[in-house]
Number of protein chains: 2
Amino acid sequence: MRQSAESGQRHSIAAELIAVLVAVTIGQPRVMTIERGQSLPSGPFELGHRSLQSGLRDWVEHQTRHPLGYIEQLYTFADRDRTANGSAQRVVSISYLALTREEQAAPADKAAWRNWYDYFPWEDHRAGVPPALPDVIVPHLKAWADGADDRPTHDDRWQRAAIAFGLDGNGWNEELVLQRYELLYEAALVGEAHRRQGENRTLSAFGLAMAADHRRILATGIARLRAKIKYRPVVFELMPSVFTLLQLQRSVEALAGRLVHKQNFRRLVEQQELVEETGSSTTDTGGRPAKLFRFRHGVLAERAVAGTKLPLSRA
Amino acid sequence: MRQSAESGQRHSIAAELIAVLVAVTIGQPRVMTIERGQSLPSGPFELGHRSLQSGLRDWVEHQTRHPLGYIEQLYTFADRDRTANGSAQRVVSISYLALTREEQAAPADKAAWRNWYDYFPWEDHRAGVPPALPDVIVPHLKAWADGADDRPTHDDRWQRAAIAFGLDGNGWNEELVLQRYELLYEAALVGEAHRRQGENRTLSAFGLAMAADHRRILATGIARLRAKIKYRPVVFELMPSVFTLLQLQRSVEALAGRLVHKQNFRRLVEQQELVEETGSSTTDTGGRPAKLFRFRHGVLAERAVAGTKLPLSRA
DNA sequence: TCACATATGCTCGTTTTGAGTATATATAGG
DNA sequence: CCTATATATACTCAAAACGAGCATATGTGA
């Protein structure tokens, strides 16, 4: 079987491509899943694929019958202790974030759009702090910290929890999606952490579990997207061709999981010249008719000239 | 996940780990290389490795005898047409950015630190715009754009060049390192682009070439680092334990490739409470003695609470 | 016609930047 | 010792960006 001590090992590696495919529909963030919502679309990288991205496109479009638009790489990992099966085969997982618009056409069998807050109920702060956070999650985190063997460990655990979940006067930071999930995993509060021990009961406050480490990948994708909407005009990949400013705002809020100040949001969008009026307006919103806008495609090029935070010198 | 007839193909994939190991020494950005500066430290990911990161650590510390400090993943790719050899074996390259301090101890055989501007001479704007940029690079880019078959292609090429290289009134954006390199590659101006055609002469204005796509990976690392120093205190990974504010500034300038405004830089560092005084000062700088500072380790935790750019609402 | 809902315009005080000017304290050379 | 020359550090000032909120416009439906 093995050719040589070294090269034989190299060959028994498989690469898997995984997609976090996101859309926003009527103000809710959606993620494409397969297998009753338990997995993200994925498939092996094969010799026939031109590149990693094209391999991903093949798999996802085949599994879900939904085209991928914008794609960006998320993360690659191969931790041995995080995979479900105990096989000797080593798998490198390469994950991508893909943005699209949800189509009216039904996706393929077993493929389905899901609200991403089904998996992360503690991440949606649009209607205020979710009650399960102070009522269920924080007490469990406290118990976990208190269960530490020594004082330094206790303090470290509690400090990380406080920062990640915005406790002890630390404000809520919507970008820390991955840190929060990892903390809950470390504290054995999410379903995935129990799997290897056999048991499987988890409180609904900790969300739906997924296969293998797919929920971790989803957390990575959400975190990346929440960070990115702040400095790159990626929301537009998720919007229809024309939209009102409130619809745009609702989409951003859906992704960020928090409400934004309407007037200031509009000022921001206008001063950055991200959109242009179409001339028409809609009355569907109930209330004074809203102007319809479209994305100014010019900014895709211009915005490459992003902002700096270094106090540059003139000379 | 899925086991099927195609699974036989999955096994002929190898994973390679590649490091962009960076240090800053007396105001110059340095990158660790092997093989006379033509390659980055790298090695195959094997079954024995606990994780991708630990595999990388093994390889790099073995090849260079230099310990790795801070590590973050850069990018994974597997483009078929970019690899040097024509073998059927498919390689997935997983690259990392690592930050450290250059040690006085000599690195291992064949391993050597290099100034990264040897590979990207057009990226160093600390002494003003490098003359080779207007004199050599821009004319070649213009010729490349003019050589397009049709008008749209010409305009697209020129617009991309103008944005990437700060022409036509577009300011210089130090973060676009990768875009610039990719453009030069596409225009067949860098050495790597000629390799498959056999010839190999390139003007020194286009920098030293590297093996395979290592220079592209280096460009990715520089771009990431230039972006990151603006919102995360990573420079300190590259600084000695105590330093003056000017030394800190020089390090930032080395990485960014541009000068910063001294007074405003200090204001920024102070108001963010990144450093604290050690109490002593040094006169080595020639001039009024400078206070010595050290990094405030507390910020590593606090800074997790990063800034937002969304106009949040209070309710 | 009125209550209600959303849209949109505008104000105002606070912070954060960008760009300097001014002053302090060393060393090196005559 | 004095001076030129570095660098270090403190302050100023106007412009731009941000956070919060008030006011007004213009629809729909009871």
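So you know, we letter chains A, B, ... as the sequences are listed, proteins then strands, and number each from 1.
Per the geometry, CD belonging to A/Gln272 stands 8 Å off P belonging to D/dC18, to the nearest Å. Rounding to whole angstrom units, CG of residue B/Leu292 and C1' of D/dT9 are separated by 15 Å. Atom CD in A/Gln263 sits roughly 18 Å away from atom P in C/dG13 (whole-Å rounding). A straight line from CG of B/Leu245 to P of D/dT9 spans 6 Å, rounded to a whole angstrom. Rounded to whole Å, the distance from CG on B/Asp284 to P on C/dA28 is 11 Å. One interatomic measurement links the two molecules: CD of B/Gln249 to P of D/dT7, which rounds to 11 Å at whole-angstrom precision. Across the protein-nucleic acid pair, B/Arg258 atom CZ and C/dG18 atom P stand 11 Å apart, rounded to whole Å. In this structure, A/Asn264 atom CG and C/dT11 atom P are separated by 15 Å, rounded to whole Å.
Distances were taken from every side-chain heavy atom of A/Leu246 (C-beta onward) to each of D/dG27, C/dA7, D/dT9; the shortest belongs to C/dA7. For B/Pro289, the side-chain atoms get nearest to C/dA26 when compared with the rest of D/dG21, D/dT7, C/dA26.
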Taking it one step at a time, do B/Tyr181 and B/Gln179 satisfy side-chain hydrogen bond (donor to acceptor under 3.5 Å, both in side chains)? CA-CA 6 Å; B/Tyr181 175 74; B/Gln179 285 91 319; over 6 Å; no

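Between A/Gly287 and B/Lys291, the residue anchored closer to the 5' end of DNA chain D is B/Lys291, taking for each the nucleotide with the nearest heavy atom. When each of B/Leu268 and A/Glu270 is assigned the nucleotide of DNA chain C with its nearest heavy atom, A/Glu270 is the one assigned upstream, toward the 5' end.
Look at A/Lys262 and you won't find any side-chain N or O under 4.0 angstrom from OP1 or OP2 of C/dT8. Proximity of A/Gln271 to the phosphate of D/dC18: a side-chain N or O atom is located under 4.0 Å from OP1 or OP2.
Cation-pi geometry between B/Arg101 and B/Trp113 is not met at under 6.0 angstrom from the ring centre and within 45 degrees of the axis. For the pair A/Arg226 and A/Trp172, the NZ or CZ position fails the cation-pi test of under 6.0 Å to the six-membered ring centre and within 45 degrees of the ring normal.
In this model, a side-chain donor or acceptor of B/Arg288 finds a partner on the base of D/dA8 within 3.5 Å. Residue side chain A/Arg267 does not reach the base of C/dG9 through any donor-acceptor N/O pair under 3.5 Å, judged by distance alone.
Side-chain contact check for A/Arg224 versus A/Leu74: some heavy-atom pair is nearer than 4.5 Å. Between B/Phe295 and B/His297 there is a side-chain heavy-atom pair separated by less than 4.5 Å.
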